[in-house]
Asks: 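Below you'll find the structure I mean.
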Amino acid sequence: MSLSNREIADIFARCADMLQIRGDNIHRVLSYRRASETIRAVPRDLRVISSDGGLTDLSYIGKTIAAKIDEMLESGELDFYNRLKEEVPEGLVDIMHINGVGPKKAKLFWEKLEVTSVDALKIAADNDKLAELPGMGVKSQQKILDGIEALSRQTGRANIGEALPAAQRILDMLLELPQAREGALAGSIRRGRETIGDVDILIAADDSGPIMERFVSMENVARVLGHGPTKSSVELLSGLQVDARVLAKARWGTALNYFTGSLAHNVKMRQIALDQGLSLNEHAFSPVDENKAIIESAEKTLCDSEEKVYGTLGLQYVPPELREDSGEIEAAREHRLPRLIERRDIVGDLHMHSDWSDGKNSIREMVDACVKRGHQYIVITDHSRSLGIANGLSIERLLAQAEEVRELNDEMGETIHVFAGTEMDIKADGSLDYPDEVLVELDFVIASLHSGLSQKREQVTARLLKAIRNPYVRMIGHPSARQYPNREEVDADWDAVLAAAKEEDTILEINANPLRLDLKPELARLAKELGVKLAINTDAHRVAHLDLMEYGVTNARRGWVEARHVVNTWSLERFNRWLSHKA
DNA sequence: GCCGTTTTCGGCCCGACTGTTTTCAGTCG
């Protein structure tokens, strides 16, 4: 039995941890970790890539790791991993994930106390066994107990939809202090990742004390994890960890670049700097000698903006969303980065619900709210009849709603165009929820998966293909049906889905709801490269959800998407022309 | 173990903070 991309990525990550505990060369460890990251981000099935002989084209996958991938694809097992497990107890990997415990401590607990699980470690700590170990003390022991508690409380990474507003509030509060000259969110939140491990906040100021003081004394702080003169760390009551750093304005560019990451992007930046005789860190560019040692007497180059950092290296400015070491450095070198889509390019929203199904607001309220947000056109797309839990519309109600939408549209005149549509279920048996003679009555039909999400790949793929090929279906809503934190994407043959969407001129949605962000960036990038049409929609179930569009735009930017790839950047006239041409 | 516009060997980021050190090791990002 073969393993999925994710399972293979997990195994390499665990190999890396075990190798590190064993004390292997750190760069060998990093190789496994990088390979794991690469595999996690690959949108294609490794089985397909492998049969095309393309594994070693992936970054950080060389001959050795490619062979290990093939072994797992064929046998479902990895001999190397199995042998590692005999040498290094697997529970140590979990212990390593406790905050404050790294490979050395994990190894220490194992060798001195024969502790090989988080539970056993907790018992040892409760009995004061840890404090007696060399290099340990009462405080370290307590820190580990806190870490174990945090681990059990943790539900994993926070969704960006929760983390971003919380982070923004803290940033705004710190920026109100008179000492703060400039501030920004950095890290994965700035890169727009779907989930956030912890929040990084940077403040430029000459006097750091009051800022650090204010930060650790915020009312929503559950505990202070660290409090130094220029860096502090807190855990909020929500469980979210937030780090704040203060630095000099003159170093703003290098610092923001450094703390925005990603790690892999930074490593490449530094390599390019070294190639030019410069060492790059969060403080400055420093000239280096032939041994790559910093020449202390030489003058350093400070950068107060990120543009200067990239400019110093002869690179085009790289938008944060692209900084994942997925080709952006190479493109920046040749000044051929795309002009990414922006929120202001969006002039319509093709997917929203009303109180006719499971929405909270009336059609009129949704329309008025969309007018306020400057949309030129929208589509009302309530759920279809088989989605009983969402009060899906019977054929009679659907036709009655279409009638009402058209009357409202006439009433709105030139203010906004309201199309009559539906979000129709692709049922578990593969059939569509309304017959063609009903669909023909609508202006815009979305087809979406809401059930049968754990079916086999062949089945799910066939359902998607059938929907894509229906002459009345214009768009597939949230194509992979993934939802944070608990629902994995469906298993489908995405190569086949993208090819069919291209052939049939069917739009694939980038759903802007932060719990979905579906298509994911990797697939969106593949789709636009193939010439598949995309649309970014809120899937709003209430007026407030209409403001989630920004998350969808960020997600699209992470997929290198430009305005020209996205249908709802088109004028009403062009959108109408496409609708009638396709019909 | 990967990688290459100084290439197939010799590199691979490094500074802040913490707690245990009495000059530094481990962790983290």
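Note on naming: letters A, B, ... go to the chains in the order of the sequence lines (proteins, then strands), and numbering restarts at 1 for each one. Note: hydrogens, waters and symmetry copies are ignored here, and every other heavy atom, side chains too, is used.
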Asks: Counting any heavy atom closer than 4.0 Å, what does A:K63 reach on the DNA or RNA strands: base, sugar-phosphate only, or nothing?
Replies: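 The answer is sugar-phosphate, as A:K63 gets under 4.0 Å only of primed atoms, P, OP1 or OP2.
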
Asks: In whole Å, I'd like the distance from the CE atom of A:M96 to the C1' atom of B:dG26.
Replies: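 Checked: the CE to C1' distance equals 12 Å.
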
Asks: With a cut-off of less than 4.0 Å, is there a side-chain N or O of A:H283 near OP1 or OP2 of B:dA16?
Replies: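 Yes, within the criterion.
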
Asks: Tell me the interatomic distance from A:R245, atom CZ, to B:dC28, atom P, rounded to whole angstroms.
Replies: 14 Å

Asks: Answer yes or no: does a side-chain N or O of A:K68 lie under 4.0 Å from OP1 or OP2 of B:dG1?
Replies: yes

Asks: Under 4.0 angstrom, heavy atoms only, what part of the nucleic acid is A:V138 near: base, sugar-phosphate, or nothing?
Replies: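 Answer is sugar-phosphate: A:V138 comes under 4.0 Å of backbone atoms only.
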
Asks: Expressed in angstrom and rounded to an integer, what is the separation of A:H27 atom NE2 from B:dG10 atom C1'?
Replies: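 Nearest whole value for this atom pair: 10 Å.
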
Asks: Expressed as a whole number of angstroms, how long is the span from A:Q271:CD to B:dC12:P?
Replies: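 In whole Å, B:dC12 P and A:Q271 CD are 7 Å from each other.
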
Asks: Identify whether any heavy atom of A:I294 sits under 4.0 Å from a base atom; if not, whether one sits that close to sugar-phosphate; answer base, sugar-phosphate or nothing.
Replies: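 Nothing: the residue A:I294, judged by heavy atoms under 4.0 Å, touches no strand.
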
Asks: Paired with B:dT8 by Watson-Crick or G-U wobble geometry, both distances under 3.5 Å: which nucleotide is it?
Replies: none

Asks: Select one nucleotide: of B:dC12, B:dG15, B:dC2, the one nearest the side-chain heavy atoms of A:S31.
Replies: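 Within the option list, the nearest is B:dC2.
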
Asks: Taking CD1 from A:I26 and P from B:dC13, how many angstroms apart are they, rounded to a whole number?
Replies: 10 Å

Asks: Which part of the nucleic acid does A:V101 contact within heavy-atom distance under 4.0 Å: base, sugar-phosphate only, or nothing?
Replies: sugar-phosphate

Asks: Measuring only the C1' atom in each nucleotide, how far is B:dT5 from B:dG1? A whole number of Å is fine.
Replies: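 Their C1' atoms lie roughly 24 Å apart.
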
Asks: Would you mind telling me which residue lines up with the more 5' stretch of DNA chain B, A:L225 or A:A106, judged by nearest nucleotide?
Replies: A:L225

Asks: Taking B:dG11 as the reference, what is the distance to B:dT6 when you measure between their C1' atoms (whole Å, please)?
Replies: 13 Å

Asks: If you check the A:D198 side chain, which of B:dC2, B:dC13, B:dG29 turns out closest?
Replies: B:dG29

Asks: Determine the Euclidean distance between corresponding C1' atoms of B:dT27 and B:dC13; express it in Å to zero decimal places.
Replies: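 Comparing C1' positions in B:dC13 and B:dT27 gives a spacing of 15 Å.
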
Asks: Across the strands shown, which category fits A:N266 at heavy-atom distances under 4.0 angstrom: base, sugar-phosphate, nothing?
Replies: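 Answer is nothing: A:N266 stays at 4.0 Å or more from every strand.
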
Asks: Please determine whether a side-chain nitrogen of the Lys or Arg among A:D325 and A:K268 lies less than 4.0 Å from a carboxylate oxygen of the Asp or Glu.
Replies: yes

Asks: Between A:T64 and B:dC2, does any side-chain N or O lie under 4.0 Å from OP1 or OP2?
Replies: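 True: A:T64 side-chain N/O within range (under 4.0 Å) of B:dC2 OP1/OP2.
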
Asks: Is the shortest heavy-atom distance from the side chain of A:M218 to the side chain of A:V221 under 4.5 Å?
Replies: yes

Asks: Could you tell me whether the side chain of A:N5 and the main chain of A:L46 form a donor-acceptor pair under 3.5 Å?
Replies: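 It does hold such a pair.
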
Asks: Starting from C1' on B:dC13, measure out to CG on A:D275 and report it in whole angstrom.
Replies: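 To the nearest whole Å, that distance equals 14 Å.
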
Asks: Looking at B:dG1, I'd like to know if its phosphate oxygens (OP1 or OP2) sit under 4.0 Å from a side-chain N or O belonging to A:N25.
Replies: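 No, outside the criterion.
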
Asks: Examine the base of B:dG1 for any acceptor or donor lying under 3.5 Å from a partner atom in the side chain of A:Y60, and report the outcome as yes or no.
Replies: no

Asks: Would you please confirm or rule out a distance under 4.0 Å between OP1 or OP2 of B:dG26 and any side-chain N or O of A:K104?
Replies: yes

Asks: Could you tell me whether A:R457 and A:D493 have a side-chain N and a carboxylate O separated by less than 4.0 Å?
Replies: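 So A:R457 does not pair with A:D493 through a salt bridge.
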
Asks: Work out how far the C1' atom of B:dT18 is from that of B:dC3, and round it to whole angstrom.
Replies: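 Pairwise C1' distance, B:dT18 against B:dC3, rounds to 36 Å.
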
Asks: Using atom P in both nucleotides, what's the gap between B:dT23 and B:dC28 to the nearest angstrom?
Replies: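 To the nearest whole Å, 25 Å.
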
Asks: If I pick the P atom on B:dT21 and the same atom on B:dA16, what distance separates them, to the nearest angstrom?
Replies: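 The same atom, P, in both gives a distance of 24 Å.
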
Asks: Check whether NZ of the Lys or CZ of the Arg A:K68 lies under 6.0 Å from the centre of the six-membered ring of A:F12 and within 45 degrees of that ring's axis.
Replies: no

Asks: Does any part of the side chain of A:W560, heavy atoms only, come nearer than 4.5 Å to the side chain of A:E328, both counted from C-beta?
Replies: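 They are in contact (side-chain heavy atoms under 4.5 Å apart), so the answer is yes.
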
Asks: When you compare B:dC14 with B:dT20, how far apart are their P atoms, in angstrom units rounded to a whole number?
Replies: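 The same atom, P, in both gives a distance of 29 Å.
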
Asks: Can you measure A:R33 atom CZ to B:dC12 atom P for me and round it to whole angstrom units?
Replies: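 Atom-to-atom, A:R33 to B:dC12, this comes out as 19 Å.
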
Asks: Output yes when at least one side-chain N/O atom of A:N281 is less than 4.0 Å from OP1 or OP2 of B:dG15, else no.
Replies: yes

Asks: Between A:R28 and B:dG1, does any side-chain N or O lie under 4.0 Å from OP1 or OP2?
Replies: yes

Asks: Can you tell me if A:S279 touches the phosphate of B:dC13, counting only side-chain N or O atoms and a distance under 4.0 Å to OP1 or OP2?
Replies: no

Asks: For A:R251 and B:dA16, give me the distance from atom CZ to atom C1', rounded to whole Å.
Replies: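 In whole Å, B:dA16 C1' and A:R251 CZ are 14 Å from each other.
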
Asks: OP1 or OP2 of B:dC17 versus the side-chain N and O atoms of A:T230: is any pair under 4.0 Å?
Replies: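 For B:dC17, OP1/OP2 do have a side-chain N/O of A:T230 under 4.0 Å.
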
Asks: With a 4.0 Å cut-off on heavy atoms, is A:I61 in touch with a base, just the backbone sugar-phosphate, or nothing at all?
Replies: sugar-phosphate

Asks: Quick check: on DNA chain B, is the nucleotide nearest A:E334 upstream (toward 5') of the one nearest A:K139, or the reverse? Name the residue that is more 5'.
Replies: A:E334

Asks: Please determine, for the side chain of A:Q241, which listed nucleotide (B:dG1, B:dC17, B:dG29) has the closest atom?
Replies: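 Nearest listed nucleotide: B:dG29.
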
Asks: Using a heavy-atom cut-off of 4.0 Å across all strands, would you classify A:P103 as base, sugar-phosphate, or nothing?
Replies: sugar-phosphate

Asks: Could you tell me if the side chain of A:D17 sits less than 4.5 Å from the side chain of A:H97, heavy atoms only?
Replies: yes

Asks: Check every atom of B:dC12, B:dC13, B:dC2 against the side chain of A:Y258 and return the nucleotide holding the closest atom.
Replies: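 Nucleotide nearest to A:Y258's side chain: B:dC13.
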
Asks: Which nucleotide, B:dC17, B:dG29, B:dC12, lies nearest any side-chain atom of A:K231?
Replies: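 Looking only at side-chain atoms, A:K231 lies closest to B:dC17.
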
Asks: Below 4.0 angstrom, N of the basic side chain to O of the carboxylate: do A:E306 and A:R190 qualify?
Replies: yes

